*Asks:* 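Let me give you the structure first, and then I'll get to my questions.
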Amino acid sequence: MEKVKKIIGILGSPRRGGNTEILLDAVLEAAQNKGADVKKFILNELEFVPCQECENIRRDGICIVEDDWQKIFAEVENADTVVLASPIFFGSVSAQMKMFIDRFQCLWLAKYVFKTCKPQKKKIGAFICVEASERKDFFENAKSIVKNLFATIGAEYKFELFCPGIDAKAAINKKPGCLKKAAEIGDMLTK
Ligand SMILES: Cc1cc2nc3c(=O)[nH]c(=O)nc-3n(C[C@H](O)[C@H](O)[C@H](O)COP(=O)(O)O)c2cc1C
């Protein structure tokens with residue numbers, strides 16, 4: 001019997017029921033319908049601080065700051081797939097998403113500088129992103145940040161969905177093509 005896939009979705013938008021969450025839900029729902037074990041984290045509703053650039057850091061890649069970020073870190077380590085979803089804010093991922101990503105600096109140092117990182121579970125990474133404009137460079141900018149995180153956590157950057165021209169809350173519901181692609185990604189994540 002095939003093992004149940006553990007998929008975690010991380011929402012970077014502060015707008016509940018907004019475009020990013022609708023797309024993320026479409027991905028997660030499709031995966032769940034195919035038997036995946038799915039969890040969603042709403043960064044804006046968690047209490048965590050940005051990276052503090054601590055000097056007395058651990059060498060095993062684990063951040064020493066104790067807050068809600070630690071809850072997701074544990075889930076990220078055990079996941080088969082990590083789905084990051086963020087709107088474009090000022091040409092990049094949202095502040096919530098960037099704060100979440102920066103906290104992996106300890107892991108980045110352990111992996112690439114100290115070479116003290118323990119073996120990582122192989123993972124798949126997917127990135128969902130929306131923006132009001134039609135700026136490809138904004139998506140590329142956000143993608144480079146997300147790719148950097150995925151490399152750090154040992155995830156292969158495998159699926160992406162970029163939806164331009166989406167601004168008003170839930171406007172994505174008028175773009176069936178985007179919703180369909182989100183569901184397709186969710187489906188493929190279970191294969
Ligand atoms: C603070 C802020 C900054 C934004 N910056 C950009 C931007 O640089 N480029 C862009 O195309 N859209 C920008 N937008 C628009 C959002 O990306 C867009 O409304 C998106 O659909 C919001 O997704 P959500 O409903 O999931 O929050 C910005 C919106 C906000 C609130």
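Note that the numbering runs from 1 along the sequence shown for the chain. None of the values given here were measured: they were computed from a predicted structure.
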*Asks:* Would you call Asp80 and Lys122 a salt bridge, using N to O less than 4.0 angstrom?
*Replies:* no
*Asks:* Between the side chains of Arg103 and Asp67, is the shortest nitrogen-to-carboxylate-oxygen separation below 4.0 Å, so that they form an ion pair?
*Replies:* yes
*Asks:* Given the rule that I, L, V, M, F, W and Y join up when any side-chain heavy atoms are under 4.5 Å apart, are Val93 and Leu161 in one cluster?
*Replies:* no
*Asks:* Do Ile57 and Leu109 pass the side chain to side chain contact (heavy atoms under 4.5 Å, CB included) test, and can you show the C-alpha distance, the side-chain angles, and the key distance before you say yes or no?
*Replies:* CA-CA 10 Å; Ile57 65 164; Leu109 285 168; 3.6 Å; yes
*Asks:* Are the side chain of Gln70 and the backbone of Val65 linked by a donor-acceptor contact shorter than 3.5 Å?
*Replies:* yes
*Asks:* Are Glu140 and Lys147 within salt-bridge range, i.e. N to O under 4.0 Å?
*Replies:* no
*Asks:* Report yes if the distance between the aromatic ring centroids of Phe127 and Phe162 is under 6.0 Å, otherwise no.
*Replies:* yes
*Asks:* Evaluate the criterion side chain to side chain contact (heavy atoms under 4.5 Å, CB included) for residue pair Lys143 and Glu160; output intermediate values, then yes/no.
*Replies:* CA-CA 9 Å; Lys143 176 177 173 171; Glu160 64 184 22; 3.1 Å; yes
*Asks:* Test of understanding: with side-chain contact (heavy atoms from CB on, under 4.5 Å), list the residues that count as partners of Glu156, not counting sequence neighbours.
*Replies:* Ile124, Lys158
*Asks:* Membership question, hydrophobic clusters at under 4.5 Å side-chain separation (ILVMFWY): are Phe48 and Val76 in the same one?
*Replies:* yes
*Asks:* Below 4.5 Å, heavy atoms only, C-beta onward: do Lys6 and Asp37 meet side chain to side chain?
*Replies:* yes
*Asks:* Would you call Glu75-Lys71 a salt bridge at under 4.0 Å N-O?
*Replies:* no
*Asks:* State which residues pass side-chain contact (heavy atoms from CB on, under 4.5 Å) with Arg58; sequence neighbours excluded, sorted by chain then number.
*Replies:* Asp60, Ile62, Ile64
*Asks:* Do the ring centers of Trp69 and Phe104 come within less than 6.0 Å of each other?
*Replies:* yes
*Asks:* Taking 4.0 angstrom as the limit, do Glu21 and Arg16 come out as a salt bridge?
*Replies:* yes
*Asks:* In terms of hydrophobic clusters joined by side-chain contacts under 4.5 Å, are Leu107 and Val82 together?
*Replies:* yes
*Asks:* Check Asn19 against Ile172 and note the closest heavy-atom contact, atom names and distance.
*Replies:* OD1-N, 3.0 Å
